[in-house]
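Below: the structure, in structure tokens.
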Amino acid sequence: MGRDKVENEELIRYAWPQDVWFHVDKLSSAHVYLRMPEEMTWDAIPEGLLIDCAQLVKANSIEGNKKDNLTIIYTPGDNLKKTGDMAVGQVSFHNDKKVKRVHVPRRENPIVNRLNKTKVEREVDHEQERVDRLKQESAVKRAAANERRKAEQELSKAREAEKAARSYDALFNVEEDPDVPRKYGRELEEDFM
């Protein structure tokens, strides 16, 4: 979560593709990012987690915290669009159809208190985090490519063996053993005469 518009700007720039961005609709608020695990999709966030994120955004909006019946919007991090003419911390979207809304009737203090008790603040080197993530993703891609290449080589060898087994070339290539006298050759010609 960004504490101010400068931190929000950094979070916009360094958002991961699997991050989900939350914000109070039409009011200023903190930008809250939910880093999704690989097996979960942004449009299938469990209801409890969605409510927690919405309450956190509402609680960290100066104006929104005082109001009831707010709408919280959320979208994948890669749907955020930032242009040079926008104010610091301001964003728009590449695709408005990928923006969902959740209604928050009022602030739920037990939820906000629970979240504040487990809050951890730390300084994050976003650039280093990005580099580490790209290295890890690259290693996973390389490993997958190596597995595919091995599978293709094994399949190619199996096809070659199958082709050789079906080929008639092996029937006509009789290798001569020097210890076995030739059945047809010089001896036959001499007998013939």
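Each residue takes its place number in the sequence, starting with 1.
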inquiry  = Whether the Arg142 and Ser138 side chains hold a donor-acceptor pair (N or O, under 3.5 Å, no angle test) is what I'd like checked.
reply    = yes
task = Measure the shortest side-chain to side-chain distance between His103 and Asn69 over non-hydrogen atoms and say whether it is less than 4.5 angstrom.
result = yes
key: Approximate separation, where rounding is to 0.5 Å, of Lys117 NZ and Arg114 CZ   = 10.5 Å
ask   = Considering residues, nucleotides and ligands other than Leu134, do more than 12 of their heavy atoms fall under 6.0 Å from its CG?
value = yes
query = Regarding Glu127 and Tyr14, is there a side-chain donor-to-acceptor distance under 3.5 Å anywhere?
reply = yes
query = So, are Glu9 and Lys82 salt-bridged, with charged N and O less than 4.0 Å apart?
reply = yes
request  = Answer yes or no: is there a side-chain heavy-atom contact under 4.5 Å between Asp52 and Leu115?
outcome  = yes
message = A side-chain contact here means heavy atoms from C-beta on lying under 4.5 Å apart; do Val124 and Arg122 qualify?
response = yes
query = Between Lys135 and Glu137, does at least one N-O distance fall below 4.0 Å, as a salt bridge requires?
reply = no
note = The reported gap from CE in Met36 to CH2 in Trp16 (rounded to nearest 0.5 angstrom) is 14.0 Å
Tyr33 side, atom OH; Met1 side, atom CE - distance, nearest 0.5 Å = 12.5 Å
request  = Drop me the distance from Asp43's CG to Lys98's NZ, to the nearest 0.5 angstrom.
outcome  = 9.0 Å
ask   = What do the steps show when you test Tyr74 against Val99 for side chain to side chain contact (heavy atoms under 4.5 Å, CB included), and what is the final call?
value = CA-CA 6 Å; Tyr74 63 102; Val99 178; over 6 Å; no
query = Would you say the side chain of Gln18 lies within less than 4.5 Å of the side chain of Pro37, judging by non-hydrogen atoms?
reply = no
task = May I ask you to check whether Asn109 and Arg107 show a side-chain donor-acceptor distance below 3.5 Å?
result = yes
request  = Go through the steps for Glu154 and Lys157 under the test side chain to side chain contact (heavy atoms under 4.5 Å, CB included), then give the verdict.
outcome  = CA-CA 5 Å; Glu154 288 175 11; Lys157 285 179 184 177; 5.7 Å; no
ask   = Hey, are Arg149 and Glu147 close enough for a salt bridge, meaning a charged N less than 4.0 Å from a carboxylate O?
value = no
ask   = Charged N to carboxylate O below 4.0 Å: is that the case for Glu162 and Arg166?
value = yes
Worked verdict on Asp132 versus Gln128 for side chain to side chain donor-acceptor pair (under 3.5 Å) = CA-CA 6 Å; Asp132 293 343; Gln128 186 60 48; 2.8 Å; yes
task = Evaluate the criterion salt bridge (Lys or Arg N to Asp or Glu O under 4.0 Å) for residue pair Lys67 and Glu63; output intermediate values, then yes/no.
result = CA-CA 7 Å; Lys67 295 183 176 184; Glu63 196 176 340; 3.3 Å; yes
inquiry  = Just so I know, are the side chains of Ile111 and Ile51 near enough to count as touching, which here means a heavy-atom distance under 4.5 Å?
reply    = yes
message = Tell me whether Glu152 is salt-bridged to Arg148, with the criterion being a basic N under 4.0 Å from an acidic carboxylate O.
response = no
key: Lys58 (side chain) donor-acceptor with Leu70 (main chain) under 3.5 angstrom   = no
Carboxylate-amine/guanidinium proximity below 4.0 Å for Asp19 and Arg35 = yes
query = Hey, which of Ile72, Asn60, Thr75, Ile73 is the one that makes side chain to side chain contact (heavy atoms under 4.5 Å, CB included) with Phe22?
reply = Ile72
remark   = Rounded to the nearest 0.5 Å, the CD1 atom of Ile12 sits from the CD atom of Gln90 at a distance of 9.0 Å
message = When you measure from the side chain of Ser29 to the backbone of Val24, do you find a donor-acceptor pair of N or O atoms at a distance under 3.5 Å?
response = yes
inquiry  = Rounded at 0.5 Å granularity, tell me how far CG in Asn79 sits from NZ in Lys97.
reply    = 12.5 Å
ask   = With distance as the sole test, does Gln55 use its side chain to make a donor-acceptor pair with the main-chain N or O of Arg106 at under 3.5 Å?
value = yes
inquiry  = Main chain of Ser28, side chain of Ser61: is a donor-acceptor contact present, judged purely on distance under 3.5 Å?
reply    = yes
request  = Specify whether Trp21 and His23 have parallel, tilted or perpendicular ring planes, treating 30° as the upper limit for parallel and 60° as the lower limit for perpendicular.
outcome  = parallel
